[in-house]
Amino acid sequence: MTPSIEFSSKKEQLDNQMMKLAELLLYLSSNSSFYRNLFKTQNIDISKITSLETLQQVPFTTKDDIQSFNDDFICVDRSKIIDYVTTSGTLGAPVIVPQTDNDLERLAYNEAISFACTGGNDLELYQLTATIDRRFMAGMAYFLGARKLGAGIIRVGSGIPELQWDTILKLHPTALIGVPSFILKLIDYAEQHGIDYKNSSIKKAICIGEPLRNDDLTLNSLGKRIKEKWDIQLYSTYASTEMGAAFTECIHGRGGHLHPELLIAEFVDLEGRPVAEGEPGELVITTLGVEGMPLLRFKTGDICRHYTDDCACGRTTLRVGPILGRRQQMIKYKGTTLYPPAFYDILDNIKGVINYIIEVSTNDMDTDELLIRVGTTFQDNTLEKEIKDHFRAKLRVAPSLVFDDPAIITKLQFPEIGRKAIKFFDKRTI
Ligand SMILES: [Zn+2]
C-alpha cells in the first residue's frame with residue numbers, strides 16, 4: 001500500500017509537489033472567490049509560482065480568514081458535496097469544511113497509507129475508540145482508510161470501557177485507535193475487573209489528539225505510563241480537518257511522516273520567515289488534490305520542529321516532531337518560552353492532581369503572568385512542593401499554584417456541555 005514517492009529522492013518529491021501546486025493554483029483561480037480575489041489584489045501571477053521560494057510571495061491564509069469568508073473558500077457546487085465536517089474556529093462559530101466524493105477518496109488514501117506507515121495491512125483489525133459522527137473528520141477517515149487498506153475496523157466509538165473490553169475479548173482486534181489518556185482508562189478498567197489485558201489481542205495503538213513524545217522524541221510521561229503498564233507499540237499521529245491528511249510515525253518513532261503528494265509543509269517563525277530544520281516553527285500547509293475547500297499556505301497555529309534526514313524505515317519524507325503548542329498560546333515566562341501542553345504532561349502524571357486549569361494574564365510590567373489552579377482533595381504542602389519540583393526539573397520555572405475543589409475546576413473546564421475540556425485560559429491584554 002505504501003506509495004513509492006515515500007522512498008524517492010527529495011527532488012522527485014518536490015517536483016511532484018510543484019506539479020500538483022500548479023494544478024491547485026489554476027483550480028483556485030477558477031473556483032475560489034477568496035483566492036481569486038487575493039491573487040488580484042496582491043498582483044500575484046500564478047504562472048510564476050513554480051518553487052517553494054516563489055510560493056512565499058503568497059500571503060498566509062489564517063483560520064480567521066476562513067471563518068470570516070467561509071463560503072468564499074468553498075470551490076464546489078452544493079450538489080457535489082457529500083459530507084460536511086466542522087472544526088472549531090477562533091472567532092466563535094465553527095468553520096465548515098465540505099467534502100466531495102474525491103475528497104473522501106483522498107482522505108481514505110491518506111489514512112490507508114498512514115496505517116501502512118504503522119505496519120498495518122489487510123490482516124489488521126482496528127478498534128476505533130473515537131467518535132465517527134458529530135461532524136468530526138477523524139473517525140470517518142479511520143473507517144475509510146481501514147477499508148481502503150483491506151483491513152477490518154470495529155466502530156465502538158468513544159468512552160464505555162466495558163464495551164471496549166467486551167469487543168476486544170470477543171472479536172480480537174489487533175490495534176486500537178484512540179486518545180492516549182483513554183488507553184490509560186482502559187488499563188485501569190482492566191485492572192479493576194481482572195482482565196488479562198497484557199495478553200490480549202491488542203498489539204499496537206494509533207494515538208490521536210494528545211502528544212506522546214517530548215520535544216526530544218522520547219516518550220513523554222503519558223506515553224511512558226501506558227508503556228510501563230502495557231507493552232504495546234504506540235504510534236503518534238498529527239492531523240487536522242483543514243489538512244485532510246495526517247503525519248504518522250513509523251515504528252522508529254522519529255516524528256510523523258509527511259505524505260508529500262497530499263500536502264506541502266512549510267515551517268515559519270513569528271515574522272513568517274522559514275525556520276531551519278530542527279528549530280521550532282509554525283506549520284503552514286498547502287493542500288494538494290482537495291476539491292471542496294483547498295487551502296494555500298494555511299497557518300495551522302501549531303508549533304513543531306521538522307526533520308528532513310532519511311528515516312531508519314527507509315522513507316525519505318519530511319517528518320514533524322510533537323506539537324509543542326499553539327502559536328497563540330506561546331507564553332514568555334521569566335525568560336523561558338513555554339506552551340501549555342508541557343504543563344499538562346506534568347500535571348496529568350502527579351497523583352493527587354485531579355484536574356487543573358492554567359491561566360495566563362498580563363502583569364503590571366506588561367509581561368506574562370502564570371497561575372495554575374489545581375483541583376485536589378489533598379491540599380497540603382507536600383503536593384505543592386511535588387508539583388513545583390516537577391515544574392523546575394522539566395520546565396526550569398515554577399509558576400504560582402492555588403488549590404481548589406475539583407468540582408469548581410470541572411465547572412471552569414466545561415463552560416459548554418459536550419465540548420472538550422478547556423484547560424488553558426488566556427486573559428492576556430497584550
Ligand atoms: Zn520512518
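Just so you know, ligand 1 is whichever comes first in the structure, and atom 1 is the first atom listed for that ligand.
Judged by distance alone, the side chains of D64 and T62 never bring a donor and an acceptor atom under 3.5 Å apart. In summary, the side chains of T410 and N355 do present a donor paired with an acceptor at a separation below 3.5 Å, with no hydrogens or angles considered.
Legend: protein N/O/S atoms lying under 2.8 Å from the Zn ion (ligand 1), waters omitted, number 4.
Annotation: side chain of E6 is not in contact with side chain of T316 (no heavy-atom distance under 4.5 Å).
The main-chain N or O of R155 is never found under 3.5 Å from a side-chain atom of Q127 such that the two would form a donor-acceptor pair.
For F424 and F343, the ring centers are positioned 6.0 Å apart or more.
Both the sub-6.0 Å distance and the 45° axial angle are satisfied by K423 relative to the ring of Y344.
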